[in-house]
Peer 1: 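Provided herewith is a single structure, encoded as structure tokens, for subsequent inquiry.
Worth saying up front: this structure is predicted, and the values here are computed from it rather than measured. Every chain is numbered from 1 and lettered A, B, ... according to where its sequence line falls, protein lines coming before strand lines.
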Amino acid sequence: MNRYSIFSLARNAVNYHKDWEKAWRSPDPRPTYDAVIVGAGGHGLATAYYLAKEHRMTNIAVLEKGWLGGGNTGRNTTIIRSNYLQDESIAIYELARSLYEDLSQELNYNTMFSPRGVMMMCQTEHELRAFKRTAHANRLAGLDCRMIDRAEVKRLCPIINDSPRARYPILGAYYQPRGGTGRHDAVAWGYARGADDLGVDIIQNCEVTGITREGDTVTGVQTSKGYIKTNKIAVVAAGNTSAIVEMAGVGLPVESVCLQALVSEPIKPVIDCVVMANTVHGYMSQSDKGELVIGGGADGYNNYSQRGAFTSLEHTVTALVETFPIISRLRMMRIWGGIVDMTGDRSPIISMTDVKGLYVNCGWGTGGFKSIPGSGFVFADTIANDRPHPIAEPFGLNRFLEGRLIDESVAAAVAH
Amino acid sequence: MRIKCPYCGERPNEEFTCLGDASLKRPTSNEPDTMDEWFDYVYIRDNLKGRMHEHWHHSGGCRSWLVVDRDTETHEIFGVTTARDYNAKGKV
């Protein structure tokens, strides 16, 4: 692999950047792999990377129906935080956040992690109380987070409407200074380049059309590029996971819905932190290009079309104009939707299944991007050792049957 | 997406609230060995990619419970009926 550095940049500048090698190969699938990962989004590529790096499993393939990073990895609003309520969630999200801190060095790829601080607004007494509870839980877990008052909210984010007469006045905020944003495409590309360098085959435009079993054990996958023999299949396909594991006869407690986001025209820097306003259903940050990146609540019905309802966007924008009056005349440049997989308790599923050799990592709902490195790390360990990683164990499929839910519907950023 | 309510006619989807799969059958037994049926009913979802029957509530209109036959990939609606008729006939 051609390492990226100031020297390689200078060397290539002399040649007008004509000689950069491709960041990853585009190989044809081999007939047999030790493990096949379905879905080349952030989670799938991170899983492949850590399987190769930590567990020396290099005869593996990542299959992708479209192009890598083209699903929810490229459709989220890039927020990274770990201030969840339950201990199990704190463990995995904080693992992910801490891995993000030196991911650029780890991958030799600039993932543009920007710990600019995440503020979660408290706009009703109930919300204030709920976040205080989360703050105490996080403090016990050793997270660097704190409650801040209205004056500090205004100092950190001067464009916010802090009028006490607002429909939903700012009563304070829950602040994680080490949270922030990252460059979502770079995370996918960095992991892809890293995994490819370790020998992983990333096969794009390769759709899985069937899973073959012998008794209770998987034996391979049918794909649009032929049959691939393997004893381990890891499905990491977000909103399409249900449809894929169905091929092996496994049902999941998951429903797919559309979550939309939008960006404004680029403007000068006005907000240098991430603001999430759960009561009014909207969150906002500013990209390095100057666009305001805005997200809101998920649509309330099943959807596989990557296209959401206009009413949800209208709702989000209305709320944000109330919270940030200066954005009222901005033009919105692009809107898009991603299909997120929701579980009943809004926590993910990282699990083995009743079918031997079939592993699932899904149900991340609206919180997938922030968890990519942690999810890949523990899922790789689960696949390599054929037993759940201690951090992944509470997120097993059996938690539903056992009534051991990890309820994060309050801590999640948006209504759904 | 516009839904044709049998009572109110074609109305925009923001007047409606979706309550998910209408084909689920609530188990009638409380015996311990029917826990798998309860597990399926409470948690497992077919999450169909394509046509499915869903409960929709016309919450911003006549407040009747409807069953809508809808494609989750294209949002095409093939039929709407009341939940009462659906339960009697078993189809939309």
Peer 1: Tell me the closest heavy-atom pair linking G300(A) and C18(B), and the distance in Å.
Peer 2: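 Scanning both residues, the minimum pair turns out to be O-CB, 3.2 Å.
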Peer 1: How about N13(B) and T311(A): do any of their side-chain heavy atoms sit closer than 4.5 Å?
Peer 2: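 When only atoms from C-beta onward are counted, T311(A) and N13(B) do touch, with a gap below 4.5 Å.
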Peer 1: Give a yes or no on whether F78(B) atom CZ has more than 12 heavy-atom contacts from other residues, nucleotides or ligands under 6.0 Å away.
Peer 2: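 Buried by this count: over 12 neighbours within 6.0 Å.
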Peer 1: If you look at every heavy atom in E73(B) and S305(A), which pair is closest and at what distance?
Peer 2: O-CB, 3.1 Å
Peer 1: What part of L19(B) lies closer than 4.5 angstrom to a heavy atom of chain A: side chain, backbone, both or neither?
Peer 2: neither
Peer 1: Could you tell me whether the side chain of R45(B) and the main chain of S242(A) form a donor-acceptor pair under 3.5 Å?
Peer 2: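 Checked: no pair found.
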Peer 1: Identify which part of T17(B) has an atom lying under 4.5 Å from any heavy atom of chain A, answering side chain, backbone, both or neither.
Peer 2: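 The answer is neither part of T17(B).
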Peer 1: Is there a side-chain contact between Y43(B) and R399(A) (heavy atoms, below 4.5 Å)?
Peer 2: no
Peer 1: Kindly indicate whether the side chain of N302(A), heavy atoms from C-beta on, has any atom under 4.5 Å from the side chain of R70(B).
Peer 2: yes
Peer 1: Can you tell which part of W56(B) gets under 4.5 Å to a heavy atom of chain A, answering side chain, backbone, both or neither?
Peer 2: side chain
Peer 1: Between T74(B), D71(B), D21(B), L48(B), which shows the greatest number of heavy-atom pairs under 4.5 Å with chain A?
Peer 2: L48(B)
Peer 1: Kindly indicate whether the side chain of N303(A), heavy atoms from C-beta on, has any atom under 4.5 Å from the side chain of H75(B).
Peer 2: yes
Peer 1: Return the option, out of M52(B), E14(B), K49(B), with the maximum number of heavy-atom pairs under 4.5 Å with chain A.
Peer 2: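 Heavy-atom pairs under 4.5 Å are most numerous for K49(B).
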Peer 1: So what's closer than 4.5 Å to chain B heavy atoms on L401(A): side chain, backbone, both or neither?
Peer 2: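 Answer is both: backbone and side chain atoms of L401(A) are under 4.5 Å from chain B.
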Peer 1: Counting heavy-atom pairs under 4.5 Å to chain B, which of G344(A), S256(A), G239(A) comes out on top?
Peer 2: S256(A)
Peer 1: Applying the side-chain contact (heavy atoms from CB on, under 4.5 Å) criterion to N47(B), which one of T241(A), V254(A), N240(A) satisfies it?
Peer 2: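 When T241(A), V254(A), N240(A) are each tested with N47(B), the side-chain contact (heavy atoms from CB on, under 4.5 Å) holds only for V254(A).
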